[in-house]
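Following: one structure in structure tokens, then a few remarks.
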Amino acid sequence: MKKWSLYSMTILCLLTLTSCEAVETIFKAGMWWGIILVVGVIGIIAWLFSRGRNS
């Protein structure tokens with residue numbers, strides 16, 4: 001069922017968005033995932049350093 005949902009969303013995006021809007025949407029999503037991952041990695045590193053100092 002998930003495959004159909006993914007396929008239908010892809011087809012809907014292809015039919016409703018122009019190519020420039022589709023590329024813009026993809027890059028916005030990629031930018032946000034990059035920001036979330038960088039903040040997460042920095043948070044994990046800070047947590048590990050603070051944990052090492054308390055021991």
Side-chain angles (χ1 to χ4, degrees):
M1 198 66 176
K2 277 189 170 182
K3 282 186 179 180
W4 285 108
S5 176
L6 181 62
Y7 291 145
S8 61
M9 284 176 42
T10 304
I11 290 172
L12 179 66
C13 286
L14 288 174
L15 292 175
T16 58
L17 297 174
T18 64
S19 60
C20 292
E21 289 173 346
V23 170
E24 178 184 4
T25 304
I26 291 168
F27 278 113
K28 279 184 182 177
M31 180 188 68
W32 281 111
W33 272 110
I35 290 170
I36 291 169
L37 288 174
V38 167
V39 169
V41 168
I42 291 172
I44 290 172
I45 291 172
W47 176 70
L48 287 173
F49 277 125
S50 68
R51 199 175 146 199
R53 288 185 184 169
N54 292 337
S55 295

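Since this is a predicted model, take the numbers as computed values, not measurements. Any value given below was found using the heavy atoms of this structure, including those in side chains, with hydrogens, waters and symmetry copies removed.
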Quiz prompt | Residues clustering with Phe49 (ILVMFWY side chains joined when closer than 4.5 Å, directly or via others) | solution = Val41, Ile45
Exercise. Not counting sequence neighbours, list each pair that qualifies as a salt bridge (Lys or Arg N to Asp or Glu O under 4.0 Å) and has a residue in residues 30-48.
Key: none
Practice problem: With sequence neighbours excluded, give me every salt bridge (Lys or Arg N to Asp or Glu O under 4.0 Å) pair touching residues 37-46. | Solution: none
Quiz prompt | Of all pairs that satisfy side chain to side chain donor-acceptor pair (under 3.5 Å), the ones with a partner from residues 26-47, not counting sequence neighbours | solution = Glu24-Lys28
Self-check item: Under the side-chain contact (heavy atoms from CB on, under 4.5 Å) test, residues paired with Leu48 that sit two or more places apart
Solution: Ile44
